[in-house]
Amino acid sequence: MISKTGDKAVLKAIEAKGFRIPIVGLGTWALRGRECARLTEQAIHIGYRHIDTAQMYDNEREVGEGVRASGLRSEVMVTTKVQPTLLAPHDLERSVKESLSRLRLDAIDLLLIHWPNPRVPLTETLGAMAKMKREGYTRQIGVSNFTVALLEEANTVSQEPLVCNQVECHPFLNQDKVIAACRKRGMAVVAYSPIARGGANGDKVLEKIGKVHGKTAAQVCLRWLIQQGIVVIPRTSRVERLEENFALFDFELSDGEMREIAGLARRGGRIVDWTWSPRWD
Ligand SMILES: NC(=O)c1ccc[n+]([C@@H]2O[C@H](COP(=O)([O-])OP(=O)(O)OC[C@H]3O[C@@H](n4cnc5c(N)ncnc54)[C@H](OP(=O)(O)O)[C@@H]3O)[C@@H](O)[C@H]2O)c1
């Protein structure tokens, strides 16, 4: 399925190691309770086919509720992530079973290691992830917040294909190295905080380009990512923005505009950084 635009047409889904990942998903961090279930269901009715949650977000129950209420479960890809304190095999297996019972779905579609944890050997964690896949708890596995070095190690030791690396990605942060490493390994790049936590709005360059296309700065920011084949998972608590963040397939950015947006990368552009973060590339 390809969007209607010309040369810069983008696929509505990315294929990685035979697994199809819808290119626009809904991020759900900080969405809670009824609101989370309602927004999930509405997003699916608008056309979203990819929902991103995590054990750490404390909303798997509501995400599952929204997916089931949509009546379109079989079309929707649901990602959840194992929290970094639960990466020892026994903890991981127990927590994944708990995630699935909170989601109340047939299976998780994509299970990720949320953050690397140097205290647990990667080979053990990935062994448990592969077991979860073989036993049918998840259809596919992948990683998040992995650096180039960690990607190399993970791909070397994993018994099952790793389909993606979910990392912070937006115009204000240069992620060229990790993107290149994912491509080399045939992994999809999933961009989190793709509108820089709302920071795209108010940016002069994005707004100027948006005016040319009759689009908002947030839409230009998201289009810049998907036009590079990067999956985006913007979050919003507002229904009208669910529509806005999905309306990305009826315009295209020129090569000059793509370059101008890439020029917005700056030192200190990273938003999500914790004491447990790996040493970034
Ligand atoms: N793997 C990881 O470690 C990791 C880390 C961070 C995030 N994530 C995932 O990625 C998802 C997205 O990242 P994020 O939540 O950090 O940030 P984001 O999606 O870049 O930005 C969300 C913020 O932008 C605002 N917003 C949404 N649409 C907008 C629009 N069209 N115009 C202006 N503002 C808009 C939202 O406010 P309103 O609610 O008011 O619209 C919200 O405050 C998360 O929800 C989560 O699923 C993963």
Side-chain angles (χ1 to χ4, degrees), residues 21-32 35-36 38-40 42-43 46 48 50-60 62-63 66-67 77-85 87 109-117 141-147 150 164-173 175 178 182 187-203 206-207 210 214-226 230-248 264 269-278 280:
I21 305 181
I23 202 158
V24 183
L26 175 69
T28 67
W29 173 66
L31 300 180
R32 295 277 160 81
E35 184 196 36
C36 177
R38 192 174 53 87
L39 282 160
T40 301
Q42 271 165 333
I46 286 167
Y48 288 74
H50 171 173
I51 312 288
D52 183 80
T53 180
Q55 294 172 348
M56 279 169 119
Y57 302 168
D58 196 20
N59 64 9
E60 289 173 309
E62 291 77 16
V63 164
V67 171
M77 192 205 99
V78 178
T79 299
T80 195
K81 318 184 195 79
V82 184
Q83 65 178 60
T85 51
L87 297 187
D109 295 298
L110 178 56
L111 179 70
L112 306 183
I113 297 175
H114 202 153
W115 286 87
N117 178 349
I141 60 171
V143 298
S144 176
N145 294 301
F146 271 40
T147 58
L150 284 166
C164 79
N165 186 19
Q166 186 182 120
V167 289
E168 180 175 339
C169 202
H170 48 72
F172 310 117
L173 176 66
Q175 288 284 47
V178 75
C182 290
M187 299 169 79
V189 178
V190 178
Y192 75 65
S193 307
I195 45 178
R197 293 257 159 99
N201 269 23
D203 179 85
L206 297 173
E207 281 184 349
K215 292 283 175 180
T216 63
Q219 288 172 316
V220 170
C221 187
L222 293 169
R223 175 74 198 192
W224 179 74
L225 290 164
I226 66 171
I230 294 173
V231 177
V232 295
I233 48 169
R235 162 184 55 105
T236 182
S237 54
R238 305 196 206 174
V239 178
E240 67 278 13
R241 284 182 170 167
L242 282 179
E243 306 230 17
E244 178 184 336
N245 295 344
F246 198 72
L248 309 176
L264 294 174
R270 188 179 292 280
I271 301 167
V272 180
D273 212 358
W274 305 99
T275 47
W276 64 76
S277 296
W280 302 114

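Here, residue 1 is the first one in the sequence, and each next residue gets the next number. Each ligand, and each atom within it, is numbered from 1 in the order the structure gives.
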Closest candidate by heavy atom, reference atom 29 (C) of ligand 1, pool Thr236, Asn59, Ile195
Ile195

A student comparing Trp274, Trp115, Tyr57, Trp29 should find that the heavy atom closest to atom 8 (N) of ligand 1 comes from Tyr57

If you measure every N or O of Ser144 against every N or O of ligand 1, does any of those distances drop under 3.5 Å?
yes

Under 3.5 Å: donor-acceptor pair, side chain of Gln83, backbone of Gln55:
no

Atoms of ligand 1 less than 4.0 Å from Pro234 heavy atoms?
19 (O)

Ala218: numbered ligand 1 atoms lying under 4.0 Å from its heavy atoms:
30 (C), 31 (N), 32 (N)

Within a strict 4.5 Å, meaning less than it, do heavy atoms of the Gln42 and Glu243 side chains meet?
no

At a 4.0 Å threshold, what atoms of ligand 1 neighbour a non-hydrogen atom of Gln166?
1 (N), 2 (C), 4 (C), 8 (N), 9 (C), 48 (C)

Heavy-atom pairs closer than 4.0 Å: do any link ligand 1 to the side chain of Pro194, the backbone, both, or neither?
both

Ignoring hydrogens and geometry, is there a side-chain-to-backbone donor-acceptor pair from Glu168 to Ile271 under 3.5 Å?
yes

Can you pull out the closest protein heavy atom to atom 37 (O) of ligand 1? Residue, atom name and distance to 0.1 Å, please.
Arg241 NH1, 3.6 Å

Quick one: nearest non-hydrogen protein atom to atom 47 (O) of ligand 1, plus distance?
Asp52 OD2, 2.7 Å

Where Pro278 and Pro116 come nearest, the two heavy atoms and their spacing:
CG-CG, 4.0 Å

Contact between Val167 and Val189 at the side-chain level, heavy atoms closer than 4.5 Å - yes or no?
yes

Using a 4.0 Å heavy-atom cut-off, say whether Asn245 meets ligand 1 through its side chain, its backbone, both or neither.
side chain

Out of Gly25, Ser193, Gly198, who is nearest to atom 17 (O) of ligand 1 when you count heavy atoms only?
Ser193

Identify, by atom number and element, the atoms of ligand 1 in contact range of Asn201, meaning under 4.0 Å from any of its heavy atoms.
32 (N), 33 (C)

With the side chain counted from C-beta on, respond yes when Val190 and Tyr192 share a heavy-atom pair under 4.5 Å apart, and no when they do not.
no

I want to check something: taking the side chain as every heavy atom from C-beta on, are Asn145 and Trp280 in contact at a cut-off of under 4.5 Å?
yes

Within the distance-only criterion (no hydrogens, no angle test), does the side chain of Glu62 pair as donor or acceptor with the backbone N or O of Glu35 below 3.5 angstrom?
no

Please report the interatomic distance NZ(Lys215) to CG(Leu206), rounded to the nearest 0.5 Å.
14.5 Å

Show the atoms of ligand 1 that are less than 4.0 angstrom away from any heavy atom in Ile233.
9 (C), 10 (O), 11 (C), 12 (C)

Which atoms from ligand 1 have a heavy atom of Ser237 less than 4.0 Å away?
38 (P), 39 (O), 40 (O), 41 (O)

Show which atoms of ligand 1 fall inside a sub-4.0 Å distance from at least one heavy-atom site of Asn145.
1 (N), 2 (C), 3 (O)

Donor-acceptor pair between Tyr48 and Asn245 side chains, under 3.5 angstrom
no

Please work out which of Lys81, Arg235, Glu240, Arg197 has its closest non-hydrogen atom nearest to atom 36 (C) of ligand 1.
Arg235

Could you tell me which atoms of ligand 1, counted from 1 in the order shown, lie closer than 4.0 angstrom to a heavy atom of His114?
1 (N), 2 (C), 3 (O)

Sidechain-backbone polar pair: His114 side chain, Lys81 backbone, donor-acceptor under 3.5 Å
no

For atom 6 (C) of ligand 1, find the nearest protein heavy atom and state the residue, atom name and distance (0.1 Å precision).
Tyr192 CD1, 3.3 Å

